[in-house]
Protein chains: 2
Amino acid sequence: MDGIAKPTGARLRDSALTDDISFLLARANALSLAAGNAALAPLTLRARSYSVLELAAGQARPTQRELAEFLRLDPSQVVALVDELQGQGLVARESDPADRRTKVVVATPLGREVCEAARAAATAAEQHLHADVSGSDRHLLVDLLRRLAFPT
Amino acid sequence: MDGIAKPTGARLRDSALTDDISFLLARANALSLAAGNAALAPLTLRARSYSVLELAAGQARPTQRELAEFLRLDPSQVVALVDELQGQGLVARESDPADRRTKVVVATPLGREVCEAARAAATAAEQHLHADVSGSDRHLLVDLLRRLAFPT
DNA sequence: ACAAGACCGTTGAGAATGTCAATCATTGAA
DNA sequence: TTCAATGATTGACATTCTCAACGGTCTTGT
């Protein structure tokens, strides 16, 4: 039969998994997460903490529960992440007079600075990793991914 | 300004993260993984072990190291996964006479049976979760995801 | 033929992450 | 006012990630 030996890495690409969206998501996410964490490490941030910081630096003034739902994390994980960012002086917990149960997480001025640097590092790493999908393909991809990430 | 209050879940969607492929991948993967694990639980499988089983059930006859690279796992994790599947009688380790260092992982007849049932359960759950992206959009998505999952 | 180095599977440890139950303070509704 | 529901927090536990080390096996250079 075939006398052509495929390169080691490609031998498994004929598997049923190659059409499996779940598997492709898992692998793409693993690569993206590794690259993101590496890019953010110099700022003493991980992808996780950066995502919290980014939301805290926006206009939304999210509560911890909203952060948990949006980031698909357990509320207890958000506690730890906010503790960490607060310890670094990047965010603060503000109590909402309208509902004193909730804690609104907002970025400090320093937090907003670090957030911008982090965003630059993260997007640079992401564009480098996904250099082979750009232009209109990229917009298409973002649109499709949004449908997966936020199903109706 | 806007007098319209957005539903709680959508308040954060204006964030910079909504355009961030890494974040979208993370969130989509979290949802997909949860659905997949739930669908495979009745078969005593997780998404992880199913992916190993699927590769072992194919024609590729992968070594553990090839499984690790393809699934983006540490070789030590593959050891544990294969141990588990072997304990369930779904796969076996065959030693390759050509290279006695490697262990080729192959599915047993029972393993191939279970694999088919698992594939049915997994794809059903996946199509249900991603019902709003179908037809040509789905092929497009798979193509784009493959470029992310297997960068050049 | 032989030694040195590389590779594979395996074990073990420690960090990070995921999941769940229980508690306290606060809110909203009966 | 009382009672159920909600948000943050703590603690415990399972899963997953990452790394270093080891023994057995190949491979390369000499």
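All of these numbers come straight from a predicted model, not from anything done at the bench. Letters go in sequence order (proteins before strands), and every chain restarts at 1.
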Within this structure, what is the [atom1]-to-[atom2] distance between [X] and [N], rounded to whole angstrom?
{"X": "B/Asn29", "N": "D/dT16", "atom1": "CG", "atom2": "P", "result": "12 Å"}
{"X": "B/Leu67", "N": "C/dT10", "atom1": "CG", "atom2": "C1'", "result": "15 Å"}
{"X": "A/Leu73", "N": "C/dT17", "atom1": "CG", "atom2": "P", "result": "9 Å"}
{"X": "B/Asp83", "N": "D/dT16", "atom1": "CG", "atom2": "C1'", "result": "16 Å"}
{"X": "B/Leu31", "N": "C/dG18", "atom1": "CG", "atom2": "P", "result": "12 Å"}
{"X": "A/Gln64", "N": "D/dT6", "atom1": "CD", "atom2": "P", "result": "18 Å"}
{"X": "A/Asp74", "N": "D/dT10", "atom1": "CG", "atom2": "C1'", "result": "12 Å"}
{"X": "A/Leu81", "N": "D/dA8", "atom1": "CG", "atom2": "P", "result": "14 Å"}

Reckon B/Thr102 touches a base, only the sugar-phosphate, or nothing at all at heavy-atom distances under 4.0 Å? sugar-phosphate
Counting the atoms with a prime plus P, OP1 and OP2 as sugar-phosphate, which does B/Asp99 contact under 4.0 Å by heavy atoms, base, sugar-phosphate, or nothing?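 Sugar-phosphate, no base atom in range.
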Assess whether a salt bridge exists between A/Asp137 and B/Arg147, defined as any Lys/Arg side-chain N lying under 4.0 Å from an Asp/Glu carboxylate O.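 Salt bridge flag = yes for B/Arg147 with A/Asp137.
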Is there a donor-acceptor pair under 3.5 Å between the side chain of B/Thr108 and the backbone N or O of B/Leu90?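 Yes: the side chain of B/Thr108 pairs with the backbone of B/Leu90.
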Can you find a heavy atom in the side chain of A/Glu116 that is under 4.5 Å from one in the side chain of A/Arg112?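 When only atoms from C-beta onward are counted, A/Arg112 and A/Glu116 do not touch, as no gap falls below 4.5 Å.
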First encountered from the 5' end of DNA chain C, between A/Arg72 and A/Ala98: A/Arg72
Relative to the 5' end of DNA chain C, which residue comes earlier, A/Ser76 or A/Asn37, by the nucleotide with the nearest heavy atom?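 In this pair, the answer is A/Asn37.
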Distance check, rounded to the nearest 0.5 Å: B/Arg119 atom CZ versus B/Glu126 atom CD?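 Rounded to the nearest 0.5 Å, the CZ-CD separation comes out at 14.0 Å.
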Going by atom types only, do A/Arg138 and A/Gln127 share a side-chain donor-acceptor pair under 3.5 Å? no
Taking only N and O in the side chain of [X], is any of them less than 4.0 Å away from OP1 or OP2 of [N]?
{"X": "A/Gln77", "N": "C/dA16", "result": "no"}
{"X": "A/Arg101", "N": "D/dT6", "result": "no"}
{"X": "B/Arg93", "N": "C/dT10", "result": "yes"}
{"X": "A/Arg46", "N": "C/dT17", "result": "yes"}
{"X": "B/Arg100", "N": "D/dC26", "result": "yes"}

